[in-house]
Amino acid sequence: MTVLAASAGSAAAGGTATHAAGGVTSLVQSVDWLAIAPPTLAAVFALIVLVADLFLSERRKPLLGWISVLGLVLAGLSLLPLLKGDRTTFCLTARPEVCSYEADHFALVVQLLVLGGALLTALLSVNPIKDEKLPGGEFWFLLLSSAAGAALLPASRDLATLVIALEVASLPAFALVGIRRGDRLSSEAALKFFLSSVTATAVMLLGVSFVYAATGSMHLAQVAEALTQPDPRLDVLAKAGVALTLVGFAFKTAAAPFHFWVPDTYVGAPLPVAAYLSVVGKAVGFSGLIVVTVKAFPSYSDVWGPVLAVLAALTMTVGNVAALRQRPDRAHSAVRLLAWSSVGQAGYLLVPIASAAYSDDAAHAIGSTVAYALMYAAVNLGAFAVAALVARTHPGNRIADYRGLYAAHPVYALALGFFLLCLAGLPPGIIGLFAKVTVFSAAVDAGLAWLAVVMAVNVVIALYYYLQWTAVLFRAPEGASEGAPEGEVRPARPRIPAPLATAVGLTALVGIALSGAPQLVLRFASGALL
């Protein structure tokens, strides 16, 4: 990581130094290890787990899960020293302000979301790995590797690092989806996910090569400068590069028409992996989309702004209409509804990014997306955590299987009801309502009234299936007589694993805390930007 030089020198963390001697310029670059600590710690613990797996007996394999949890906790704690100010590293010697890695507030917020989501996924995974006899060493290595790539991406400030981070986050996810050996649904989901993702990545790489050909640089700051006054002969090439680059990130966000892999992948993957993809996978896509549009392509907002606005309207409509059509008695209908719901939520998340193209205050618009993403991550992971609880006794995971959940597990039924109401934007899920209002305001302030109307219609559509599922939770269990006195029906209460209960409790506490002070979320997210 240190650039070879003609003579020795020193530099401050993240900086560079030059020294001329005999006509030869000395270049020395040091690494700010504190700045890159979050993704680095995740990667280091991935290697620790991989090596430890070779020496631990089968009886002691569960230790790998707790080592992974420790690694994610330490990676999250490493964000605290970075809150004091922006830190950069891997900078150009001639232009120290142009860097490949920037730990600004935006990167820290997304890294918090990514590492927090990965930590909750790890808690959800401890028991399924043991119960389903999944290969623990491989699972934890892949999860930590993917989290390392996802944490690297929001801090990446050149196109090459962005692509590498995106693939480091994605490639382990393919294996995680197909980790159930001999399971037809799992293998089919992994293959579909892999083929569609590889195609999207190839298209994005073509776009990146076009952008490089038109600008002569990979660094986002220099790309933005070059695109301000492009060579007229290369203008079409640059516009094509911008459009194709966005395709790769649109796939990661599950934006229509690049969403077709979502429902089958979520159903075929282990439930914790589906939860991980729904939150961390989206964070990867949206952070990449924000970085390239606002940092690299601001002068081409007339290209990506209308495209993202149309994608937002199409995505939320496709997702909500498909979720509306899910039958409660269909196998895996609960997971399918969450999958289609995540597509609809992706549409809402795209609205402020599109609005940034038309707004004088892009930071505030993007802040709405970050605030919404924080809300969505907490409550969606909570919904998947309760789904994992129900799946322990009802592997089919139909919506109908949730009937009577309040009678059997009142606390978890109330938690799931709260999560669904947050996603719907209804009280007491105040944070969901607040997040939707901020997104709606971003569209109105940017003059995208038609998009705000489309969003309002979709919010109303989504109310039906969220409330329908919520109502199922509080119905009497099947087999209970209508006139039976309260307390007569006593459903079996299997033991709930502590990691699963902890995941539900943490997400519920975060959701309640955010609902108590929703304005702090927007202030925190808006202060993050760019």
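FYI, the numbering just counts along the sequence from 1. These figures come from a predicted structure and were not determined experimentally.
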Heavy-atom closest pair, residues Leu123 and Ala503: CB-CB, 4.3 Å
Donor-acceptor under 3.5 Å (Tyr412 side chain, Leu389 main chain): no
Gap between atom CG of Leu82 and atom CD of Gln111 - 0.5 Å precision: 7.5 Å
Leu405 and Val386, any side-chain heavy atoms less than 4.5 Å apart: yes
Worked verdict on Asn380 versus Phe419 for side-chain contact (heavy atoms from CB on, under 4.5 Å): CA-CA 7 Å; Asn380 206 60; Phe419 297 141; over 6 Å; no
Side-chain donor/acceptor of Ser146 to backbone N/O of Ala169, under 3.5 Å: yes
Between Asn458 and Tyr348: side-chain donor-acceptor atoms closer than 3.5 Å: no
Salt-bridge criterion met for Arg60 and Asp53 (N-O under 4.0 Å): no
Any side-chain donor near an acceptor of the partner, Thr265 and Lys192, under 3.5 Å: no
CD1 on Ile290 to CD1 on Ile366, rounded to 0.5 Å: 4.5 Å
Check: Asp329 main-chain N/O paired with Ser333 side-chain donor or acceptor under 3.5 Å: no
Any side-chain heavy-atom pair of Pro499 and Asn127 under 4.5 Å: yes
Derivation and outcome, side-chain contact (heavy atoms from CB on, under 4.5 Å), residues Leu433 and Leu426: CA-CA 6 Å; Leu433 175 62; Leu426 290 176; over 6 Å; no
Donor-acceptor under 3.5 Å (Arg157 side chain, Pro154 main chain): yes
Least distance between heavy atoms, Leu72 atom then Ala122 atom: CD1-CB, 4.1 Å
Between NZ on residue Lys61 and CD1 on residue Ile129, distance to nearest 0.5 Å: 11.5 Å
Non-hydrogen atoms of Leu166 and Met204 that approach each other most closely: CD2-CE, 3.1 Å
Side chains of Val44 and Leu47 in contact at under 4.5 Å (non-hydrogen atoms): no
Phe174 atom CZ: more than 12 heavy-atom contacts under 6.0 Å: yes
side-chain contact (heavy atoms from CB on, under 4.5 Å) assessment of Phe249 paired with Val291: CA-CA 11 Å; Phe249 292 108; Val291 168; over 6 Å; no
Leu416 side chain near Tyr402 side chain, heavy-atom distance below 4.5 Å: yes
Nearest-0.5 Å distance, SG of residue Cys422 to CE of residue Met375: 7.0 Å
Between OH on residue Tyr376 and CG on residue Leu423, distance to nearest 0.5 Å: 7.5 Å
Polar side-chain atom of Thr369 near backbone of Leu349 as donor-acceptor pair, under 3.5 Å: yes
Sub-6.0 Å ring centroid separation between Trp261 and Phe251: yes
4.5 Å side-chain heavy-atom contact, Val318 and Trp340: yes
Minimum-distance pair of heavy atoms, taken over all atoms of Gly285 and Thr253: C-CG2, 3.4 Å
Side chain proximity check, Phe384 to Leu120, heavy atoms < 4.5 angstrom: no
Side chain Ser156, main chain Leu152, donor-acceptor under 3.5 Å: yes
Donor-acceptor contact present, side-chain Thr393 to main-chain Val390, <3.5 Å: yes
Non-hydrogen atoms of Ala250 and Phe258 that approach each other most closely: CB-CD1, 3.7 Å
Check: Ile431 main-chain N/O paired with Ser515 side-chain donor or acceptor under 3.5 Å: yes
Minimum heavy-atom distance between Asp401 and Asn397, given as atom pair plus value: OD2-N, 3.4 Å
Pairwise side-chain contact, Leu113 with Val109, heavy-atom cut-off 4.5 Å (strictly under): no
Donor on one side chain, acceptor on other, Tyr276 and Ser125, under 3.5 Å: no
Check: Leu350 and Leu289 side chains under 4.5 Å, non-hydrogen atoms: yes
Ala476 backbone acceptor or donor facing Arg403 side chain under 3.5 Å: yes
Atom OH of Tyr464: over 12 foreign heavy atoms under 6.0 Å: no
Atom pair CG/CG of Leu176 and Leu171 - distance to nearest 0.5 Å: 11.0 Å
Stepwise side-chain contact (heavy atoms from CB on, under 4.5 Å) check, Tyr465 with Asn320: CA-CA 9 Å; Tyr465 62 80; Asn320 286 317; 2.6 Å; yes
